[in-house]
Amino acid sequence: MDQAKPLPRISPDNQAFWAGCKRHELVLPFCTACGKPHLPPGPVCPFCLGDTLEWRRASGHGVVSSWTVVHQPWFPAFKADLPYNVVQVELAEGPRLTANLVGAPNAVLRVGLPVEVVFDDVTPDVTLPRFRPLTP
Amino acid sequence: MVLDIRDQAAIVGIGVSEFGRNLPASQLMLGAVAFKAALADAGLTRDAVDGLSIHLGWPLGVDYDRVADAFGLEIRYVNQAWLHGRFVTQSLQHAALAVATGMADVVACVTAISFTRVRDFLGGPGDHEGTREEGGTHGEAPVYGLTGPASGAALAMQRYMARYGATSAQLAAVPIAIRKHALMNPNAVMKKPLSLADHQAARWVVEPLRLFDCCPVTDGAAVVLVTSMARARDLKQPPVAITSMQGIRAGREEFIFAPPRLGINQQPTGQVTPRPADLEVFRKAGLSPQDIAGFYTYDAFSPLVLFALERFGHCAAGEAATWVQNGRIELGGALPVNTSGGLLSEVHIGGWNSICEIARQLRGQAGARQVADARHLQWGTCWGDSIIFSKA
(Lines give C-alpha, C1' and ligand atoms only; values in the text may rest on other atoms or scores of the structure.)
Protein backbone atom coordinates (compact mmCIF):
# COMPACT_ATOMS: atom_id res chain seq x y z
CA MET A 1 0.00 0.00 0.00
CA ASP A 2 2.71 2.43 1.04
CA GLN A 3 4.59 1.89 -2.20
CA ALA A 4 1.63 3.31 -4.08
CA LYS A 5 1.93 6.68 -2.33
CA PRO A 6 3.53 9.26 -4.59
CA LEU A 7 7.28 9.72 -4.19
CA PRO A 8 9.20 12.96 -4.61
CA ARG A 9 10.04 13.92 -8.18
CA ILE A 10 13.77 14.37 -8.13
CA SER A 11 15.05 17.15 -10.40
CA PRO A 12 18.52 18.63 -10.96
CA ASP A 13 17.51 21.53 -8.70
CA ASN A 14 16.19 19.51 -5.74
CA GLN A 15 18.43 16.43 -5.91
CA ALA A 16 20.70 17.67 -3.10
CA PHE A 17 17.70 18.24 -0.81
CA TRP A 18 16.55 14.64 -1.15
CA ALA A 19 20.10 13.31 -0.92
CA GLY A 20 20.35 15.16 2.40
CA CYS A 21 17.13 13.58 3.64
CA LYS A 22 18.57 10.18 2.74
CA ARG A 23 21.47 10.97 5.11
CA HIS A 24 18.90 12.18 7.69
CA GLU A 25 20.06 15.75 7.29
CA LEU A 26 17.77 18.67 6.45
CA VAL A 27 19.76 20.81 4.03
CA LEU A 28 18.89 24.10 2.35
CA PRO A 29 20.40 25.94 -0.63
CA PHE A 30 22.11 29.09 0.71
CA CYS A 31 23.18 31.82 -1.70
CA THR A 32 26.91 32.50 -1.35
CA ALA A 33 26.36 36.10 -2.51
CA CYS A 34 23.51 37.32 -0.27
CA GLY A 35 23.57 34.54 2.30
CA LYS A 36 19.86 33.75 2.16
CA PRO A 37 18.43 30.23 1.95
CA HIS A 38 15.37 29.47 -0.14
CA LEU A 39 12.76 26.81 -0.87
CA PRO A 40 11.67 25.15 -3.02
CA PRO A 41 15.14 24.59 -4.45
CA GLY A 42 15.53 26.76 -7.53
CA PRO A 43 18.15 27.21 -10.21
CA VAL A 44 19.38 30.55 -8.84
CA CYS A 45 18.90 32.61 -5.68
CA PRO A 46 15.40 34.16 -5.93
CA PHE A 47 16.47 37.08 -3.74
CA CYS A 48 19.57 38.31 -5.62
CA LEU A 49 19.68 36.10 -8.73
CA GLY A 50 23.05 34.78 -7.54
CA ASP A 51 24.32 31.71 -9.38
CA THR A 52 26.24 30.02 -6.62
CA LEU A 53 24.24 28.03 -4.13
CA GLU A 54 25.77 26.08 -1.27
CA TRP A 55 23.82 23.34 0.47
CA ARG A 56 24.11 23.70 4.23
CA ARG A 57 22.56 21.81 7.06
CA ALA A 58 19.56 23.50 8.69
CA SER A 59 18.63 23.31 12.36
CA GLY A 60 15.59 21.17 11.65
CA HIS A 61 13.54 23.37 13.97
CA GLY A 62 10.59 25.52 13.05
CA VAL A 63 6.98 26.37 13.77
CA VAL A 64 3.78 25.28 12.07
CA SER A 65 2.78 28.22 9.86
CA SER A 66 -0.35 26.57 8.47
CA TRP A 67 -1.94 23.15 8.55
CA THR A 68 -4.87 21.15 7.31
CA VAL A 69 -6.52 17.82 7.94
CA VAL A 70 -7.52 15.99 4.77
CA HIS A 71 -10.86 14.18 4.77
CA GLN A 72 -11.29 13.70 1.03
CA PRO A 73 -10.18 10.27 -0.23
CA TRP A 74 -8.15 11.70 -3.07
CA PHE A 75 -5.40 9.08 -3.16
CA PRO A 76 -6.35 5.41 -2.78
CA ALA A 77 -2.99 4.88 -1.10
CA PHE A 78 -3.85 7.37 1.64
CA LYS A 79 -7.34 6.05 2.30
CA ALA A 80 -6.32 4.08 5.37
CA ASP A 81 -4.74 7.22 6.85
CA LEU A 82 -7.86 9.41 6.68
CA PRO A 83 -8.22 11.89 8.24
CA TYR A 84 -4.53 12.81 8.00
CA ASN A 85 -2.73 16.09 8.52
CA VAL A 86 -0.41 18.15 6.34
CA VAL A 87 1.58 21.04 7.76
CA GLN A 88 3.57 23.94 6.44
CA VAL A 89 6.54 24.57 8.69
CA GLU A 90 8.37 27.86 8.80
CA LEU A 91 11.93 26.71 9.40
CA ALA A 92 14.13 28.63 11.83
CA GLU A 93 16.20 29.65 8.77
CA GLY A 94 13.12 31.26 7.13
CA PRO A 95 11.91 29.14 4.21
CA ARG A 96 8.77 27.05 4.62
CA LEU A 97 8.55 23.33 4.00
CA THR A 98 5.38 21.29 3.51
CA ALA A 99 5.30 17.90 5.28
CA ASN A 100 3.20 16.29 7.99
CA LEU A 101 3.14 16.09 11.77
CA VAL A 102 3.81 12.76 13.46
CA GLY A 103 3.97 11.63 17.07
CA ALA A 104 0.93 13.64 18.15
CA PRO A 105 -2.80 13.63 17.44
CA ASN A 106 -4.28 16.06 14.93
CA ALA A 107 -5.88 17.89 17.85
CA VAL A 108 -2.54 19.48 18.78
CA LEU A 109 -2.25 21.23 15.41
CA ARG A 110 -2.14 25.00 15.63
CA VAL A 111 -0.40 27.85 13.89
CA GLY A 112 2.74 28.57 15.89
CA LEU A 113 3.32 25.03 17.22
CA PRO A 114 7.10 24.50 17.63
CA VAL A 115 8.31 21.41 15.77
CA GLU A 116 11.48 19.54 14.84
CA VAL A 117 12.28 17.39 11.84
CA VAL A 118 12.38 13.60 11.88
CA PHE A 119 13.20 11.33 8.98
CA ASP A 120 11.20 8.43 7.61
CA ASP A 121 12.89 5.94 5.25
CA VAL A 122 9.81 5.17 3.16
CA THR A 123 11.70 3.12 0.55
CA PRO A 124 15.28 1.89 0.32
CA ASP A 125 16.03 4.95 -1.86
CA VAL A 126 13.73 7.67 -0.51
CA THR A 127 13.57 9.34 2.89
CA LEU A 128 10.87 11.88 3.71
CA PRO A 129 11.21 14.64 6.26
CA ARG A 130 8.32 14.85 8.72
CA PHE A 131 7.90 16.93 11.88
CA ARG A 132 7.05 16.21 15.49
CA PRO A 133 6.18 18.62 18.29
CA LEU A 134 9.33 20.02 19.86
CA THR A 135 9.53 18.93 23.46
CA PRO A 136 10.94 21.69 25.63
CA MET B 1 2.98 57.07 -25.12
CA VAL B 2 0.67 54.67 -23.32
CA LEU B 3 -2.41 53.47 -25.16
CA ASP B 4 -5.55 54.65 -23.35
CA ILE B 5 -7.81 51.61 -23.31
CA ARG B 6 -10.57 53.22 -21.27
CA ASP B 7 -13.97 52.38 -22.75
CA GLN B 8 -12.36 51.46 -26.09
CA ALA B 9 -13.65 47.87 -26.12
CA ALA B 10 -17.01 46.38 -25.20
CA ILE B 11 -18.82 43.12 -24.67
CA VAL B 12 -21.49 42.91 -27.36
CA GLY B 13 -22.66 39.32 -27.15
CA ILE B 14 -22.95 36.60 -24.55
CA GLY B 15 -23.99 32.99 -24.90
CA VAL B 16 -24.08 29.99 -22.63
CA SER B 17 -24.84 26.31 -22.98
CA GLU B 18 -26.89 24.23 -20.63
CA PHE B 19 -25.12 23.87 -17.27
CA GLY B 20 -25.14 20.57 -15.41
CA ARG B 21 -23.37 17.42 -14.36
CA ASN B 22 -22.61 14.47 -16.58
CA LEU B 23 -23.92 16.27 -19.64
CA PRO B 24 -23.79 13.95 -22.66
CA ALA B 25 -22.59 16.64 -25.08
CA SER B 26 -18.89 16.97 -25.97
CA GLN B 27 -16.99 20.05 -24.90
CA LEU B 28 -16.95 21.27 -28.49
CA MET B 29 -20.71 20.76 -28.70
CA LEU B 30 -21.26 22.78 -25.52
CA GLY B 31 -18.96 25.44 -26.99
CA ALA B 32 -20.86 25.45 -30.29
CA VAL B 33 -24.17 25.99 -28.50
CA ALA B 34 -22.71 28.91 -26.55
CA PHE B 35 -21.06 30.36 -29.66
CA LYS B 36 -24.28 30.36 -31.67
CA ALA B 37 -26.16 31.84 -28.73
CA ALA B 38 -23.59 34.65 -28.45
CA LEU B 39 -23.82 35.43 -32.18
CA ALA B 40 -27.61 35.57 -31.98
CA ASP B 41 -27.40 37.75 -28.89
CA ALA B 42 -25.09 40.21 -30.65
CA GLY B 43 -26.90 40.08 -33.98
CA LEU B 44 -23.68 39.04 -35.72
CA THR B 45 -22.88 36.23 -38.14
CA ARG B 46 -19.85 34.03 -37.66
CA ASP B 47 -18.05 35.77 -40.56
CA ALA B 48 -17.68 38.79 -38.28
CA VAL B 49 -15.54 36.84 -35.82
CA ASP B 50 -11.85 37.13 -36.70
CA GLY B 51 -10.27 36.68 -33.29
CA LEU B 52 -10.26 33.90 -30.72
CA SER B 53 -9.29 34.14 -27.09
CA ILE B 54 -9.76 30.67 -25.82
CA HIS B 55 -9.69 29.39 -22.30
CA LEU B 56 -9.56 25.63 -22.57
CA GLY B 57 -7.09 23.08 -23.86
CA TRP B 58 -4.88 21.07 -21.53
CA PRO B 59 -5.78 19.22 -19.40
CA LEU B 60 -9.26 19.35 -20.92
CA GLY B 61 -10.45 20.09 -24.41
CA VAL B 62 -8.88 21.30 -27.61
CA ASP B 63 -6.65 24.08 -28.89
CA TYR B 64 -7.58 27.24 -30.81
CA ASP B 65 -7.04 25.70 -34.23
CA ARG B 66 -9.57 22.94 -33.59
CA VAL B 67 -12.09 25.52 -32.33
CA ALA B 68 -11.66 27.57 -35.52
CA ASP B 69 -11.89 24.45 -37.62
CA ALA B 70 -14.94 23.06 -35.82
CA PHE B 71 -16.85 26.35 -35.96
CA GLY B 72 -15.74 27.21 -39.53
CA LEU B 73 -13.96 30.46 -38.61
CA GLU B 74 -11.32 32.52 -40.43
CA ILE B 75 -9.12 33.81 -37.63
CA ARG B 76 -6.33 36.42 -37.65
CA TYR B 77 -5.74 36.87 -33.93
CA VAL B 78 -5.41 34.18 -31.26
CA ASN B 79 -4.79 34.11 -27.55
CA GLN B 80 -4.88 30.77 -25.78
CA ALA B 81 -4.87 30.09 -22.06
CA TRP B 82 -5.03 26.65 -20.56
CA LEU B 83 -7.95 25.69 -18.38
CA HIS B 84 -7.32 27.44 -15.09
CA GLY B 85 -9.58 29.98 -13.40
CA ARG B 86 -6.63 32.36 -13.23
CA PHE B 87 -6.83 32.96 -16.95
CA VAL B 88 -10.36 34.36 -17.32
CA THR B 89 -9.21 37.94 -16.86
CA GLN B 90 -6.25 37.73 -19.19
CA SER B 91 -8.39 36.06 -21.86
CA LEU B 92 -10.77 39.03 -21.77
CA GLN B 93 -7.90 41.50 -21.55
CA HIS B 94 -6.25 40.05 -24.65
CA ALA B 95 -9.57 40.33 -26.47
CA ALA B 96 -9.93 43.98 -25.45
CA LEU B 97 -6.36 44.79 -26.48
CA ALA B 98 -6.78 43.02 -29.80
CA VAL B 99 -9.87 45.01 -30.81
CA ALA B 100 -8.48 48.28 -29.44
CA THR B 101 -5.32 47.92 -31.50
CA GLY B 102 -7.03 46.66 -34.65
CA MET B 103 -5.51 43.17 -34.57
CA ALA B 104 -9.06 41.85 -34.71
CA ASP B 105 -12.55 43.27 -35.24
CA VAL B 106 -14.53 40.81 -33.14
CA VAL B 107 -12.91 38.40 -30.69
CA ALA B 108 -14.80 35.40 -29.38
CA CYS B 109 -13.75 34.44 -25.86
CA VAL B 110 -14.54 30.76 -25.63
CA THR B 111 -14.59 28.38 -22.70
CA ALA B 112 -16.14 24.91 -22.67
CA ILE B 113 -15.66 22.50 -19.82
CA SER B 114 -16.68 18.91 -19.14
CA PHE B 115 -15.25 18.53 -15.66
CA THR B 116 -17.50 15.60 -14.78
CA ARG B 117 -16.01 13.48 -17.55
CA VAL B 118 -12.43 13.77 -16.33
CA ARG B 119 -12.78 14.72 -12.67
CA ASP B 120 -9.69 12.71 -11.66
CA PHE B 121 -7.45 15.57 -12.59
CA LEU B 122 -8.87 17.73 -9.77
CA GLY B 123 -6.97 15.71 -7.14
CA GLY B 124 -5.27 12.39 -6.56
CA PRO B 125 -3.17 10.23 -8.86
CA GLY B 126 -4.77 11.77 -11.99
CA ASP B 127 -3.83 15.32 -10.96
CA HIS B 128 -1.15 15.90 -13.56
CA GLU B 129 -0.81 19.55 -12.67
CA GLY B 130 -0.22 18.87 -8.97
CA THR B 131 2.31 16.14 -9.66
CA ARG B 132 4.46 18.05 -12.15
CA GLU B 133 8.20 18.03 -11.50
CA GLU B 134 8.02 21.47 -9.89
CA GLY B 135 4.68 20.71 -8.29
CA GLY B 136 1.30 22.33 -8.61
CA THR B 137 0.45 25.92 -8.02
CA HIS B 138 -1.95 25.39 -5.10
CA GLY B 139 0.58 24.19 -2.52
CA GLU B 140 0.10 20.56 -3.48
CA ALA B 141 2.34 18.05 -1.72
CA PRO B 142 1.32 14.68 -3.18
CA VAL B 143 4.04 12.91 -1.20
CA TYR B 144 2.08 13.79 1.93
CA GLY B 145 -1.33 13.26 0.35
CA LEU B 146 -2.08 16.93 -0.29
CA THR B 147 -3.53 17.40 -3.76
CA GLY B 148 -6.05 19.41 -5.72
CA PRO B 149 -6.86 23.13 -5.76
CA ALA B 150 -8.91 23.02 -2.53
CA SER B 151 -5.73 22.32 -0.57
CA GLY B 152 -4.30 25.74 -1.31
CA ALA B 153 -7.48 27.52 -0.22
CA ALA B 154 -7.54 25.40 2.96
CA LEU B 155 -3.96 26.24 3.93
CA ALA B 156 -4.64 29.93 3.36
CA MET B 157 -7.94 29.99 5.27
CA GLN B 158 -6.43 28.15 8.23
CA ARG B 159 -3.71 30.75 8.62
CA TYR B 160 -6.16 33.58 7.98
CA MET B 161 -8.41 32.23 10.75
CA ALA B 162 -5.51 31.98 13.17
CA ARG B 163 -4.44 35.50 12.35
CA TYR B 164 -7.78 37.28 12.42
CA GLY B 165 -10.03 35.01 14.48
CA ALA B 166 -12.37 34.26 11.57
CA THR B 167 -14.57 31.17 11.88
CA SER B 168 -16.15 28.55 9.66
CA ALA B 169 -19.60 29.84 10.65
CA GLN B 170 -18.63 33.33 9.43
CA LEU B 171 -17.25 31.89 6.21
CA ALA B 172 -20.64 30.23 5.63
CA ALA B 173 -22.14 33.64 4.78
CA VAL B 174 -20.33 33.46 1.42
CA PRO B 175 -21.79 30.22 0.01
CA ILE B 176 -25.18 31.03 1.59
CA ALA B 177 -25.39 34.42 -0.16
CA ILE B 178 -24.27 32.98 -3.47
CA ARG B 179 -26.74 30.08 -3.19
CA LYS B 180 -29.57 32.60 -2.67
CA HIS B 181 -28.57 34.20 -5.96
CA ALA B 182 -28.48 30.83 -7.73
CA LEU B 183 -32.02 30.08 -6.58
CA MET B 184 -33.12 33.12 -8.60
CA ASN B 185 -31.36 31.75 -11.71
CA PRO B 186 -33.12 28.87 -13.51
CA ASN B 187 -29.88 27.92 -15.32
CA ALA B 188 -27.95 27.37 -12.06
CA VAL B 189 -26.92 23.83 -11.19
CA MET B 190 -27.59 24.09 -7.44
CA LYS B 191 -31.31 24.18 -6.70
CA LYS B 192 -31.73 23.79 -2.94
CA PRO B 193 -31.56 26.49 -0.27
CA LEU B 194 -28.45 26.45 1.94
CA SER B 195 -28.68 27.35 5.63
CA LEU B 196 -25.99 28.00 8.22
CA ALA B 197 -26.99 24.72 9.88
CA ASP B 198 -26.58 22.86 6.57
CA HIS B 199 -23.15 24.43 6.09
CA GLN B 200 -21.94 23.60 9.60
CA ALA B 201 -23.31 20.03 9.50
CA ALA B 202 -21.64 19.24 6.19
CA ARG B 203 -18.54 17.08 6.08
CA TRP B 204 -15.04 18.44 5.98
CA VAL B 205 -13.27 18.19 2.64
CA VAL B 206 -9.93 19.61 3.67
CA GLU B 207 -10.02 21.56 6.94
CA PRO B 208 -11.16 24.28 7.41
CA LEU B 209 -13.17 23.88 4.20
CA ARG B 210 -16.48 22.06 4.40
CA LEU B 211 -18.41 20.62 1.49
CA PHE B 212 -20.29 23.84 0.70
CA ASP B 213 -17.08 25.89 0.73
CA CYS B 214 -16.05 24.01 -2.41
CA CYS B 215 -17.81 24.54 -5.73
CA PRO B 216 -19.43 21.57 -7.42
CA VAL B 217 -17.75 19.89 -10.37
CA THR B 218 -19.84 20.69 -13.42
CA ASP B 219 -20.04 20.99 -17.20
CA GLY B 220 -20.89 23.96 -19.37
CA ALA B 221 -19.69 26.55 -21.86
CA ALA B 222 -19.79 30.29 -22.38
CA VAL B 223 -18.84 32.58 -25.22
CA VAL B 224 -18.32 36.32 -24.83
CA LEU B 225 -17.94 38.51 -27.93
CA VAL B 226 -15.75 41.61 -27.69
CA THR B 227 -15.40 44.39 -30.24
CA SER B 228 -14.39 48.04 -30.39
CA MET B 229 -16.72 50.59 -28.81
CA ALA B 230 -17.14 52.30 -32.19
CA ARG B 231 -18.52 49.13 -33.69
CA ALA B 232 -20.40 48.14 -30.55
CA ARG B 233 -22.65 51.19 -30.78
CA ASP B 234 -24.12 49.90 -34.07
CA LEU B 235 -24.96 46.44 -32.75
CA LYS B 236 -28.11 44.93 -31.31
CA GLN B 237 -27.39 45.07 -27.57
CA PRO B 238 -26.47 48.02 -25.36
CA PRO B 239 -22.65 47.86 -25.25
CA VAL B 240 -20.98 46.83 -21.99
CA ALA B 241 -17.86 48.97 -21.80
CA ILE B 242 -14.54 47.61 -20.60
CA THR B 243 -13.60 50.68 -18.62
CA SER B 244 -10.32 49.72 -16.99
CA MET B 245 -8.12 46.69 -16.47
CA GLN B 246 -5.25 45.46 -14.37
CA GLY B 247 -3.32 42.24 -14.81
CA ILE B 248 -2.72 39.21 -12.65
CA ARG B 249 -0.01 39.57 -10.02
CA ALA B 250 2.89 37.19 -9.42
CA GLY B 251 5.99 37.15 -7.28
CA ARG B 252 7.18 36.10 -3.86
CA GLU B 253 4.45 38.12 -2.07
CA GLU B 254 1.79 36.06 -3.81
CA PHE B 255 0.29 32.64 -3.28
CA ILE B 256 -2.48 31.60 -5.64
CA PHE B 257 -5.24 31.38 -3.04
CA ALA B 258 -4.05 33.76 -0.29
CA PRO B 259 -3.93 37.50 0.22
CA PRO B 260 -0.47 38.99 -0.42
CA ARG B 261 1.89 38.43 2.53
CA LEU B 262 -0.41 36.05 4.42
CA GLY B 263 2.54 33.67 4.83
CA ILE B 264 1.63 30.62 2.75
CA ASN B 265 4.39 28.77 0.91
CA GLN B 266 7.20 31.31 0.63
CA GLN B 267 5.13 34.49 1.05
CA PRO B 268 6.60 36.85 3.64
CA THR B 269 4.24 37.68 6.50
CA GLY B 270 2.91 41.22 6.77
CA GLN B 271 -0.23 43.24 6.31
CA VAL B 272 -0.35 45.15 3.04
CA THR B 273 -3.81 44.79 1.56
CA PRO B 274 -4.88 46.81 -0.28
CA ARG B 275 -1.71 48.32 -1.67
CA PRO B 276 -1.84 51.21 -4.15
CA ALA B 277 -0.99 48.72 -6.91
CA ASP B 278 -4.10 46.70 -6.06
CA LEU B 279 -6.29 49.75 -6.69
CA GLU B 280 -4.87 50.73 -10.08
CA VAL B 281 -8.07 49.54 -11.77
CA PHE B 282 -10.07 52.20 -9.91
CA ARG B 283 -7.61 55.02 -10.64
CA LYS B 284 -7.62 54.20 -14.34
CA ALA B 285 -11.43 54.32 -14.33
CA GLY B 286 -11.62 57.48 -12.24
CA LEU B 287 -13.71 55.52 -9.74
CA SER B 288 -13.46 54.31 -6.17
CA PRO B 289 -14.71 51.08 -4.53
CA GLN B 290 -17.82 53.02 -3.42
CA ASP B 291 -18.82 53.46 -7.08
CA ILE B 292 -19.07 49.69 -7.63
CA ALA B 293 -22.67 48.40 -7.53
CA GLY B 294 -21.77 44.70 -7.65
CA PHE B 295 -18.66 42.58 -7.27
CA TYR B 296 -17.90 39.44 -9.27
CA THR B 297 -15.10 37.09 -8.39
CA TYR B 298 -13.61 33.63 -8.76
CA ASP B 299 -15.31 31.64 -6.03
CA ALA B 300 -14.24 28.03 -6.51
CA PHE B 301 -13.72 28.06 -2.71
CA SER B 302 -15.51 30.42 -0.35
CA PRO B 303 -12.38 31.93 1.29
CA LEU B 304 -11.35 33.36 -2.09
CA VAL B 305 -14.30 35.76 -1.93
CA LEU B 306 -13.05 37.16 1.38
CA PHE B 307 -9.54 37.58 0.03
CA ALA B 308 -10.74 39.34 -3.13
CA LEU B 309 -12.98 41.76 -1.23
CA GLU B 310 -10.02 42.79 0.92
CA ARG B 311 -7.62 42.99 -1.97
CA PHE B 312 -9.72 45.60 -3.75
CA GLY B 313 -10.44 47.65 -0.67
CA HIS B 314 -14.11 46.80 -0.33
CA CYS B 315 -13.23 46.16 3.30
CA ALA B 316 -10.03 46.26 5.34
CA ALA B 317 -7.50 43.44 5.72
CA GLY B 318 -8.77 40.82 8.15
CA GLU B 319 -12.25 42.34 8.18
CA ALA B 320 -13.98 40.41 5.41
CA ALA B 321 -15.33 37.52 7.51
CA THR B 322 -17.37 39.92 9.63
CA TRP B 323 -18.03 42.33 6.76
CA VAL B 324 -19.90 39.71 4.68
CA GLN B 325 -22.46 39.01 7.43
CA ASN B 326 -26.10 40.17 7.53
CA GLY B 327 -26.76 40.11 3.82
CA ARG B 328 -24.13 42.65 2.82
CA ILE B 329 -23.05 40.61 -0.22
CA GLU B 330 -26.56 39.51 -1.15
CA LEU B 331 -28.83 41.15 -3.71
CA GLY B 332 -30.29 44.15 -1.94
CA GLY B 333 -27.17 44.45 0.25
CA ALA B 334 -24.43 47.05 0.04
CA LEU B 335 -22.30 45.05 -2.42
CA PRO B 336 -23.95 42.03 -4.04
CA VAL B 337 -21.41 39.37 -5.05
CA ASN B 338 -21.76 36.86 -7.91
CA THR B 339 -25.43 37.56 -8.51
CA SER B 340 -26.06 34.60 -10.84
CA GLY B 341 -24.66 32.05 -8.38
CA GLY B 342 -20.93 32.07 -9.12
CA LEU B 343 -18.91 28.88 -9.25
CA LEU B 344 -20.22 27.87 -5.84
CA SER B 345 -23.80 27.45 -7.04
CA GLU B 346 -24.34 28.32 -10.72
CA VAL B 347 -21.58 26.46 -12.58
CA HIS B 348 -17.81 26.12 -12.62
CA ILE B 349 -16.84 27.38 -16.02
CA GLY B 350 -13.90 29.32 -14.65
CA GLY B 351 -15.93 32.43 -13.94
CA TRP B 352 -17.27 33.18 -17.42
CA ASN B 353 -20.77 32.69 -16.03
CA SER B 354 -20.13 35.77 -13.89
CA ILE B 355 -18.77 37.72 -16.88
CA CYS B 356 -22.04 36.94 -18.70
CA GLU B 357 -23.99 38.04 -15.63
CA ILE B 358 -22.09 41.34 -15.53
CA ALA B 359 -23.20 41.94 -19.12
CA ARG B 360 -26.84 41.10 -18.31
CA GLN B 361 -26.77 43.43 -15.31
CA LEU B 362 -25.28 46.39 -17.17
CA ARG B 363 -27.77 45.94 -20.01
CA GLY B 364 -30.62 45.86 -17.48
CA GLN B 365 -31.55 42.30 -18.49
CA ALA B 366 -31.02 40.46 -15.20
CA GLY B 367 -34.72 40.17 -14.38
CA ALA B 368 -35.44 39.40 -10.72
CA ARG B 369 -31.70 39.59 -10.02
CA GLN B 370 -31.29 43.09 -11.42
CA VAL B 371 -29.00 45.28 -9.30
CA ALA B 372 -30.65 48.69 -9.02
CA ASP B 373 -28.70 51.53 -10.65
CA ALA B 374 -25.90 49.25 -11.85
CA ARG B 375 -23.55 51.64 -13.69
CA HIS B 376 -20.19 50.11 -12.80
CA LEU B 377 -19.53 46.48 -11.89
CA GLN B 378 -16.18 44.97 -10.97
CA TRP B 379 -14.67 41.61 -11.84
CA GLY B 380 -11.73 41.17 -9.47
CA THR B 381 -10.04 38.03 -8.19
CA CYS B 382 -7.88 36.92 -5.28
CA TRP B 383 -4.99 36.98 -7.78
CA GLY B 384 -5.23 40.74 -8.03
CA ASP B 385 -6.43 40.98 -11.62
CA SER B 386 -9.51 43.02 -12.35
CA ILE B 387 -11.73 44.62 -14.96
CA ILE B 388 -14.27 47.35 -14.31
CA PHE B 389 -17.23 47.26 -16.68
CA SER B 390 -19.65 50.13 -17.24
CA LYS B 391 -22.98 50.84 -18.80
CA ALA B 392 -21.99 52.63 -22.01
Side-chain angles (χ1 to χ4, degrees), chain A residues 4-14 18 37-43 46-47 63-88 90 94-102 106 109-113 120 122 126 128-131, chain B residues 119-128 130-136 138-165 202-211 214 251-253 255 257-258 262-269:
Chain A
K5 287 181 176 173
L7 292 172
R9 295 189 65 156
I10 313 292
S11 75
D13 292 337
N14 70 21
W18 293 108
H38 71 268
L39 282 177
F47 300 104
V63 296
V64 171
S65 54
S66 192
W67 58 274
T68 183
V69 173
V70 176
H71 295 258
Q72 185 81 5
W74 273 309
F75 287 105
F78 280 90
K79 206 163 180 175
D81 302 343
L82 289 168
Y84 57 88
N85 76 72
V86 180
V87 297
Q88 287 200 336
E90 186 167 308
R96 298 195 192 92
L97 185 61
T98 301
N100 63 338
L101 189 81
V102 294
N106 290 341
L109 287 163
R110 63 178 171 87
V111 173
L113 179 73
D120 183 359
V122 293
V126 176
L128 298 183
R130 306 190 194 275
F131 289 87
Chain B
R119 59 172 70 215
D120 285 0
F121 84 90
L122 292 170
D127 175 10
H128 301 297
T131 55
R132 290 182 295 194
E133 189 171 69
E134 292 286 342
H138 314 92
E140 292 92 334
V143 169
Y144 301 97
L146 197 65
T147 178
S151 299
L155 287 169
M157 191 63 197
Q158 192 78 257
R159 189 165 166 86
Y160 181 94
M161 285 173 159
R163 187 168 176 181
Y164 297 115
R203 66 179 174 88
W204 297 113
V205 175
V206 52
E207 293 183 35
L209 303 189
R210 297 180 185 274
L211 181 63
C214 304
R252 286 184 76 84
E253 297 207 343
F255 171 72
F257 285 159
L262 181 65
I264 303 298
N265 275 9
Q266 309 308 323
Q267 288 181 301
T269 303

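Convention: sequence-line order gives letters A, B, ...; per-chain numbering from 1. When reading the values below, keep in mind they use all heavy atoms of this one structure, side chains included, and skip hydrogens, waters and symmetry mates.
- Taking OG1 of A:T68 as the reference point, atom CG of B:L209 lies at 7.0 Å (rounded to 0.5 Å).
- Between the side chain of B:R159 and the main chain of A:S65, a donor-acceptor pair closer than 3.5 Å is present.
- Of the two parts of B:R203, only the side chain, counted from C-beta on, holds a non-hydrogen atom closer than 4.5 Å to a non-hydrogen atom of chain A.
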Step by step, work out the side-chain contact (heavy atoms from CB on, under 4.5 Å) result for B:Q266 and A:L39. CA-CA 7 Å; B:Q266 309 308 323; A:L39 282 177; 3.9 Å; yes
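- Contact annotation: the side chain of B:V143 never approaches that of A:K5 to less than 4.5 Å [non-hydrogen atoms, C-beta and beyond].
- In this structure, chain B has heavy atoms under 4.5 Å from both the backbone and the side chain of A:V70.
- Rounding to the nearest 0.5 Å gives a distance of 10.5 Å between CG of A:N100 and CG of B:L146.
- Residues passing the ring-ring contact (aromatic ring centres under 6.0 Å, His included) test with A:F75, sequence neighbours excluded: A:F78.
- The side-chain tip of B:R252 points at the ring of A:F47 from less than 6.0 angstrom away and within 45° of straight on.
- Once rounded to the nearest 0.5 Å, the distance linking OG of A:S66 with CE of B:M157 reads 11.0 Å.
- Nearest heavy atom pair, residue A:P6 against residue B:P142, reads CG-O, 3.4 Å.
- Looking only at heavy-atom pairs under 4.5 Å with chain A, the residue among B:G263, B:A141, B:G145, B:G123 that has the most is B:G145.
- The greatest number of non-hydrogen atom pairs below 4.5 Å with chain B, out of A:V64, A:T98, A:L97, is found for A:T98.
- In this structure, the separation between OH on B:Y144 and CG on A:N85 is 11.5 Å, given to the nearest 0.5 Å.
- Separation of atoms CZ (A:R96) and CG (B:N265) is listed at 8.0 Å; rounding is to 0.5 Å.
- One finds the CG atom of B:L211 at 8.5 Å from the CD atom of A:Q72 (value rounded to the nearest 0.5 Å).
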Stepwise, does the side-chain contact (heavy atoms from CB on, under 4.5 Å) test hold for A:W74 with B:D127? CA-CA 10 Å; A:W74 273 309; B:D127 175 10; over 6 Å; no
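- B:E207 and A:H71 share a donor-acceptor pair across their side chains, judged by distance under 3.5 Å alone.
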